[in-house]
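Here is the structure we will look at, set down as structure tokens.
For this chain, numbers begin at 1 and follow the sequence in order. Since the model is a prediction, treat every value here as computed from it, not as a measurement. One-based numbering, in listed order, for ligands and for the atoms of each.
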Amino acid sequence: TELSHIRNFSIVAHIDHGKSTLADRLIQETGTVQDRDMKEQLLDAMDIERERGITIKANTVRLDYKADDGETYILNLIDTPGHVDFAYEVSRSMRAVEGSLLVVDSTQGVEAQTLANVYQAIDADHDIVPVFNKIDLPASDVSRVAEQVEDVIGIDASGAIAVSAKTGQGIHEVLESIVAHLPAPKGERDAPLKAMLVDSWYDAYLGVIVLVRIMDGVLKKGERIKMMSNGSVHHVDRIGVFRPQMQPVDELGPGEIGFLTASIKQVRDTRVGDTITHEKKGCETPLPGFKPAQPVVFCGLFPVDSAEFEDLRDAIEKLALNDASFSYEMETSAALGFGFRCGFLGLLHLEVIRDRIEREYNIELITTAPSVVYHIYMKDGTMQELHNPADMPDLTYVDHLEEPRIKATILVPDEYLGDVLKLCQDRRGLQEDLSYAGPRAMVVYDLPLNEVVFDFYDRLKSVTKGYASFDYQMMGYRQDNLVKMQILVNDEPVDALSVMVHRDRAELRGRAMVEKLKDLIPRHMFKIPIQAAIGGKVIARETLSALRKDVTAKCYGGDATRKRKLLEKQKAGKKKMRQFGKVEIPQEAFISALKMD
Ligand code: GTP
């Protein structure tokens, strides 16, 4: 296909502004899928993604569009993940296309994620067509949103298109605008092959499927290709395009987006952002900006029932095959037995994997406190990474610690601003900026990632009644006064509850945790001290009083059915408890104890 007749684009939007609905409508309007085959939200393939209303894996579709000028164009849409954890993937997909549709819900306006995503599009030098969605709703206010886009983002909104992805109104104009206003790709057919690995995923029948954007040269079936990051060579056994189902083609030329398969066994062997070339007569220099994904949040996953350890291993290995950014290694905990220490791109990534293990593999899990990666500088001048507070070395060898920091952007209606500032301040944030985007305040904070990973987003939602939007990027490491805090239950340290905290906040955190645990741990026949300690020094303490025998007798005596029910309930509850010395701790305690209300 001639380059002048290709348009490659992505859709950037805040969650729920209608990206998937618009994509479906474009597919339908171009007749790529027959109406009767049109399933709602074709591009969001996985159940969990749909349930959570978020798109995780980038997907793509090739549309044939006969424009009003009588010519037929190929439009390649790349669907990008909509969440901060996947910012690197988003930035790569952006480099694979020349333009973006900026979708803004005209009943809501610009949100934090709209900003984060559109800045990535601007970074990638995209031409941008603003699309104001949901004009079928009475609350729609297109001129207000246009003003916001110009003031806050600083791009021209005069060519914006008002649409309803729901009713189909304005969709034709969107297609025309893609052809008229987005640039055609550039590339040289005669140059050595240079292709970007945009995404990859595992398919049970075909093995790993690799999504590629050809920059220069031509890729054909049967050729031998090389991944430039590690030099590995593969034989291409299939190439094609997505319409959105897979369709084989003879070749992929410059400017085109399609897939290849090459008997690759693991997604791990394909790195997003890598450059693919021919094994022989390949290109000299790779595309700029490649970096392998680095997990930033770690936590332990343990089976509630220790007999399920092998099942858990199986589940984790299978999931890792399809997710290069998820890492794991075996871990043993004195309290929890055998499990895995797992690394994730962020909290959402963690939640998705944990949910899939519980739902698809039916394994109940104990998740230990999520921890960020600390840098420990030793007195001998070496640096080591700390993924698990339980591994904290003896302090006499430690010179200092550094923790990762983020830059957070929060958009919030004015009336909640005070609560948001307080929340950020409480989490050791440093304010960097405060400005207004229409009636809403935009605050930028420098925050320790550690203070954000656990429940920051939940807290933000609750103090702003859901009206705030949030986005962040990693900023690097900084030294601070950090210590490891242990929790002792009945004088036994529970390693799964160890956390790294700032020294100034240790008492507060410690007291909150022991108070929570006191409520969460059921009473036993004996008194149980619950303590928080730094090194050998106890900084907070609660005592759970002993159960009095006659209470049970009085309550449950006599009524046989009630007694049986109670026993059954206790039995079910048992499964969710873990024994620590002589004390049983329920599963939910591990998560709840760490929340900072
Ligand atoms: P993520 O995939 O989570 O990023 O969300 P999204 O941006 O893809 O949003 P999605 O297409 O899932 O739409 C979110 C909600 O808005 C859904 O309930 C849609 O049915 C609804 N919606 C999308 N477009 C329109 C529209 O034009 N009008 C109305 N009334 N509702 C719409």
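- Atoms of ligand 1 lying under 4.0 Å from at least one heavy atom of Asp136, given by number and element, are 26 (C), 27 (O), 28 (N), 29 (C), 30 (N).
- For ligand 1, the polar-atom distance check finds no N/O of Leu22 at less than 3.5 Å from any of the ligand's N/O atoms.
- Side-chain polar atoms of Ser229 and Asp274 form a donor-acceptor pair below 3.5 angstrom.
- At a threshold of 4.0 Å, the pair Lys318-Glu360 does not count as salt-bridged, since none of the basic side-chain nitrogens sits closer than that to a carboxylate oxygen.
- Between the side chains of Tyr65 and Glu29, no donor N or O sits under 3.5 Å from an acceptor N or O.
- Which parts of ligand 1 touch Lys19 is read off a 4.0 Å heavy-atom cut-off, strictly below it: atoms 6 (P), 7 (O), 8 (O), 9 (O), 11 (O).
- Residue Gly18 has at least one nitrogen or oxygen atom sitting less than 3.5 Å from a nitrogen or oxygen atom of ligand 1, judged on distance alone.
- Listed by number with element, the atoms of ligand 1 under 4.0 angstrom from any heavy atom of His14 are 7 (O).
- Judged purely by distance below 3.5 Å, without hydrogens or angles, the side chains of Asp414 and Tyr436 pair a donor atom with an acceptor atom.
- When each atom of ligand 1 is checked for a heavy atom of Leu137 under 4.0 Å away, the hits are 30 (N).
- Looking only at atom types and distance, the side chain of His5 has a donor-acceptor partner in the side chain of Glu71 under 3.5 Å away.
- Under 4.0 Å from ligand 1, heavy atoms of Ser164 appear from its side chain as well as its backbone.
- The proximity of His17 to ligand 1, defined as any non-hydrogen pair under 4.0 Å, is limited to the backbone.
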